Amino acid sequence: MTPLEYLISGLVLAGVFFGFVAVVGIIRLPDLYTRAHATSKSDTLGTVLSLGGVMLLFGADVAAVKTALLLLFMFITNPTAAHAITRAAYEQGIEPWTADDGGGD
Amino acid sequence: MSETSARILVPVGESSTFRNTAAYATREARRVASETGEEATVHFVYPVRWQLVDEVERSASEEVADVLDRARVWAAEDLDYDDDGEIDDDGVPVSIETAVVGEDRYLFSPSDFADVLLEYARDRDLGRIIVDPEYQPGGSAPMLQPLELELSRSDRIVEEAPVDRVVERGRFPSRSNLSKALVMFGASFGFYLLLAGVLDTFNLVTGAVSAGIVTTVFSRITFRETPKAGRLLRRTGRFILYVPYLLWEILKANIEVAYIILHPSLPIDPKIQRYRAAIWDDLSVTTLANSITLTPGTLTVDVDRDSLVIHSLTGSARDGLAGGTLERAVRFIFYGRAAARIPSPRERGTVEDESVPQTPEEP
């Protein structure tokens, strides 16, 4: 394997790791607001790292530029979606979970 | 509050019928004053949607001063003549005041505008508000009716000036001009060619046609103000500086959140806080809100009035937010170095705990 291939594998693996963290977060976190943290961020970073790997794989090509654009749109749409969901919950008066609600789990 | 009042507030903005509204307001002030013997005054108030300290928006603040100057001159002119154009020296004196309000907050919704106007009216004890029928405080967004509704919820008398509207309305939503069209065309054409990937005749022609259609349809609503090349370049330059910084913040904070999520005892301490950001226009608020959401541990729940409602996952994420580095970076992009020196939210004391509104709106 060349150093570039190591780098690509590293990026994709890191992407998979953060995708995994997002899933664990959705399962473990207690309420909608905290779950939105997991989906909007760990997920974004996971996608971004994987796509970064893809970009390096393409090398200097139009496809790489398109991947970069894809990254940009992920950065814009992911937080917007999380915001839309939590805002809807907030306006419905859904109380966020706090540390007093349940000790630890 | 009596039926009518000689103490009048007129919200001011660029509008085609403002000349007549100003005339109507001064006339009404004098008429009511001569009937009731009240002291007549007309306040022309300009609610601004952006920050005047902004070094690059100086031309905008000149525009505000210009509009208010005109209002003052017109009113003075009107007071010298009565309805039939005769010189009228013995009329009741009407004092004219002008003011700019809302520089220190982010005015967005009709109720924000109504709030600053009503606050001003209360402070100066102005009992009557006359609204220009073509008044558009929201720039491209039509908000006159909701604004009037919000205003009429108060104890002040609210009315629309009975002036003729100009029927020809090429102005909606904003005037198109060459630089708007050029920026729009350039951006969409460039994007098309980027996606096409190959610069052959077919792509160039279809791209030009598509970009032309996009420009015709959207150039009037995409920009509120005419883009200026210098400002655009400076902002783009600073934005490019911001991206690596944001990526680094995202990476750092993600590792922290991954640690929390994978930690067996799940050490979280979520809380919702309201936080008044010192930024002043739509684009920078959007950038800040999205950056906050992208930075793990903090999530923008709502942009409400002039503040952001933020859900934070841990205490350390809250501290980071109150430290204000992100906010400062966003200010740097949009307003330059001087604005970056404004104190952090913690120093300003604009962070407070927030509870969820307990009256959900019925559909």
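Nothing here was measured: the structure is a model prediction, and the numbers come from that model. Proteins come first, then strands; the chains are lettered A, B, ... in the order of their sequence lines, and each starts at number 1.
For A/Ile27, no part sits under 4.5 Å from any heavy atom of chain B, backbone or side chain. With a 4.5 angstrom heavy-atom cutoff, B/Leu247 touches chain A only via side-chain atoms. With a 4.5 Å cut-off on non-hydrogen atoms, A/Phe75 touches chain B through its backbone and its side chain both. The parts of A/Val24 that come within reach of chain B are both its backbone and its side chain, each placing non-hydrogen atoms under 4.5 angstrom from that chain. Using a 4.5 Å cut-off between heavy atoms, A/Thr44 touches chain B through its side chain atoms alone. For chain A, the nearby part of B/Ser312 is the backbone; its heavy atoms alone come within less than 4.5 Å.
From A/His37, atom NE2 reaches atom OG1 of B/Thr293 across 9.0 Å, with rounding to the nearest 0.5 Å. With values rounded to the nearest 0.5 angstrom, A/Asp31 atom CG is found 5.5 Å from B/His311 atom NE2. Rounding to the nearest 0.5 Å places OG of A/Ser42 at 11.0 Å from CD1 of B/Ile255. Between A/Lys66 atom NZ and B/Leu194 atom CG the span is 8.0 Å, to the nearest 0.5 Å.
Options B/Leu251, B/Val257, B/Asp269, B/Asn254 differ in how many heavy-atom pairs under 4.5 Å they form with chain A, and the most are formed by B/Asn254. Annotation: maximal heavy-atom pairing with chain A below 4.5 Å, among B/Ala258, B/Pro267, B/Ala289, B/Ala196, occurs at B/Ala258.
Side-chain contact between B/Ile292 and A/Pro79 is absent, with no heavy atoms from C-beta onward closer than 4.5 Å. Residues B/Leu266 and A/Leu29 are in side-chain contact: their nearest non-hydrogen atoms beyond the backbone lie under 4.5 Å apart.
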Dump the intermediate steps for side chain to side chain contact (heavy atoms under 4.5 Å, CB included) on A/Tyr33 and B/Leu313, then the final yes or no. CA-CA 9 Å; A/Tyr33 297 101; B/Leu313 198 55; over 6 Å; no

Under the criterion side chain to side chain contact (heavy atoms under 4.5 Å, CB included), I'd like the reasoning laid out for A/Glu91 against B/Asp302: C-alpha separation, chi angles, the key distance, then a yes or no. CA-CA 9 Å; A/Glu91 286 185 352; B/Asp302 205 352; 3.7 Å; yes

Evaluate the criterion side chain to side chain contact (heavy atoms under 4.5 Å, CB included) for residue pair A/Val21 and B/Tyr259; output intermediate values, then yes/no. CA-CA 9 Å; A/Val21 168; B/Tyr259 168 79; over 6 Å; no

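When the options B/Val301, B/Leu299, B/Thr300 are evaluated for a side-chain contact (heavy atoms from CB on, under 4.5 Å) with A/His83, the one that passes is B/Thr300.
The number of heavy-atom neighbours closer than 6.0 Å to CZ of A/Phe20, taken from other residues, nucleotides and ligands shown, is 12 or below. Atom CZ of A/Phe17 has more than 12 heavy atoms from other residues, nucleotides or ligands within 6.0 Å.
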